[in-house]
Amino acid sequence: MRADRVRDPWPVWPDGFTAGERERRAALVLSALAGLRPTTLIRAAAEAPTASACVGLVARGALGTDEDRRFVRLLRAERIQATIDRCGARTIVWDDPEYPPQLRQIHDPPFLLYVRGGRLPEASHAVAIVGARRCTDLARELARAMGRGLAAAGVTVVSGAARGVDAASHEGALDAGGPTVAVLGGGIDATYPASSRGLFGRIRERGALVSEYPPGVPARAFRFPARNRIVAGLCRAAVVVEGEKESGSLITGSHALEFGREVFAVPAALNNPLSFAPLKLIRDGATMIRGAEDLLEELGLEPGSGGRRAELTLAELAALRALTGPTLPEHVARELRIGLADALTLLMELEMRGFVRTVGGRFEATLAATMATTG
């Protein structure tokens, strides 16, 4: 559902704020100051309508923190630019033609973006998928399936490259050969989390990495809520798959509702703390979906070639249908009237193909199995 809320216009950066070489250089310096939040800086820009004028306010102690004032005297745009060049990034400022028009419609739009990779997508061709870092196996499978389905339908998947749901959605898009965009909570050189460095490289090749921050800025918790507004702002719609109270996924979904984007949520069990974010968003106006097929239908998209059904033998289908929950292999052997060794071989082959997983010595079907055996 799209949230239609009456609001006053949000402030935007003055035309000319980053126009010309002098202002672009000043913008680099402003982006490196840790104490300047977007809300504070955009209000100051109403009175100091250029990046260099805002740098002057910081230098005089009229804007930012004492630490910002000390740093602004030491920072040199040339050094920042050198680090940008070394990591293969480029900058997009407010006055650039490449600046995404959909970000001009959100509150606290970034005045500068660092990008590694290709062009950023149009809003009509981008959907965000976000969720819990410590997610359930089912949520991870759902995110991967939705990422794959969106990419196969020609849509760019946008997320935050965090562990769990975010990473799975990026991986699903990449599996389908589609583009994906990761918005980072630290510097554009993308060093956090370390376990995702390989994923960062794949995203850069197929899509883009985006950040408000220059190379070397560490990822910190206070930067992630600001990152989430960009995730929501870049897209026509956002999907939330699991998230606790006060989680980043809830913040992203709330931003999307606030920005008038379509919002979808996958519900979970009521007694699961990770159900808080999707259930709250559904109560606030988000549309409930069950998975990739629902999402594509709601968005009016046709499934692409990435939705090809898996080929399963009759024995494999029978084994999967015997898994009504975490199931002992002995039960499968009895249901199929085969020996235990044959049942174990069958289940292990299905596990290698991603249709089955083991849970404490028992076997259960994955989302991929459900998709392959229904409809």
Side-chain angles (χ1 to χ4, degrees), residues 129-149 159 161-176 193-199 202 239-244 249 266-275 278 289-294 306-375:
I129 302 176
V130 297
R133 286 176 169 82
R134 296 181 180 179
C135 63
T136 63
D137 289 338
L138 178 59
R140 187 177 290 107
E141 292 166 15
L142 280 167
R144 184 184 287 271
M146 287 191 287
R148 187 165 52 243
S159 196
R163 292 184 294 270
V165 166
D166 287 17
S169 67
H170 290 303
E171 289 163 356
L174 293 166
D175 290 345
S195 59
S196 295
R197 288 179 183 174
L199 178 61
R202 295 177 66 201
V239 184
V240 176
V241 187
E242 294 190 342
E244 294 184 291
S249 51
V266 182
L270 292 174
N271 61 351
N272 182 352
L274 294 173
S275 70
I289 58 171
R290 297 165 297 179
E293 291 184 4
D294 284 356
R308 180 173 53 87
R309 294 261 316 231
E311 294 182 2
L312 295 167
T313 66
L314 291 177
E316 290 170 337
L317 285 169
L320 290 173
R321 286 169 180 151
L323 302 177
T324 56
T327 304
L328 289 170
E330 289 84 352
H331 174 78
V332 176
R334 286 194 301 270
E335 287 290 309
L336 273 62
R337 297 182 181 180
I338 60 177
L340 178 59
D342 291 335
L344 280 169
T345 299
L346 187 59
L347 290 168
M348 288 166 51
E349 288 176 351
L350 287 168
E351 184 176 21
M352 290 176 62
R353 293 170 61 191
F355 294 111
V356 167
R357 58 171 166 259
T358 54
V359 182
R362 298 171 184 260
F363 293 85
E364 69 176 10
T366 65
L367 177 66
T370 303
M371 295 173 63
T373 56
T374 59

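Computed from a prediction, not measured in an experiment: that's the story for all the values here.
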Test item: [X] and [Y] side chains (from C-beta on) under 4.5 Å apart, heavy atoms:
X    : Y    : result
M146 : I289 : yes
V165 : R140 : no
R290 : V266 : no
L199 : L174 : yes
V241 : V130 : no

Worksheet item: Which is it for L346 and F363 under the side-chain contact (heavy atoms from CB on, under 4.5 Å) test, yes or no, and what are the steps along the way?
Response: CA-CA 11 Å; L346 187 59; F363 293 85; over 6 Å; no

Discussion item. Please enumerate all residues that pass side chain to side chain contact (heavy atoms under 4.5 Å, CB included) together with P326, with sequence neighbours excluded.
Written reply: R362, E364

Worksheet item: With A162, which residues qualify under side chain to side chain contact (heavy atoms under 4.5 Å, CB included), at least two apart?
Response: R133, D166

Looking at every non-hydrogen atom in both residues, tell me the closest pair between [X] and [Y] and how far apart they are.
X    : Y    : value
S159 : I129 : OG-O, 2.6 Å
A132 : C135 : O-CB, 3.5 Å
G361 : P329 : O-CD, 4.1 Å
V332 : A322 : CG2-CB, 4.4 Å
S249 : V240 : O-CG2, 3.7 Å
L340 : E330 : CD1-N, 3.9 Å

How long is the span from the [atom1] atom in [X] to the [atom2] atom in [Y], to the nearest 0.5 Å?
X    : Y    : atom1 : atom2 : value
L347 : E349 : CG    : CD    : 9.5 Å
L317 : R321 : CG    : CZ    : 5.0 Å
E316 : L336 : CD    : CG    : 11.0 Å

Discussion item. For L350 and L312: C-alpha separation, side-chain torsions, deciding distance, then whether side-chain contact (heavy atoms from CB on, under 4.5 Å) applies.
Written reply: CA-CA 9 Å; L350 287 168; L312 295 167; 4.2 Å; yes

Worksheet item: Going by the side chain to side chain donor-acceptor pair (under 3.5 Å) test, which pairs reach into residues 334-343, not counting sequence neighbours?
Response: none

Discussion item. For the residue pair T136 / E242, report whether a side-chain donor-acceptor contact shorter than 3.5 Å exists.
Written reply: yes

Worksheet item: Do any N or O atoms from the side chain of T345 and from the backbone of A343 form a donor-acceptor pair under 3.5 angstrom?
Response: no

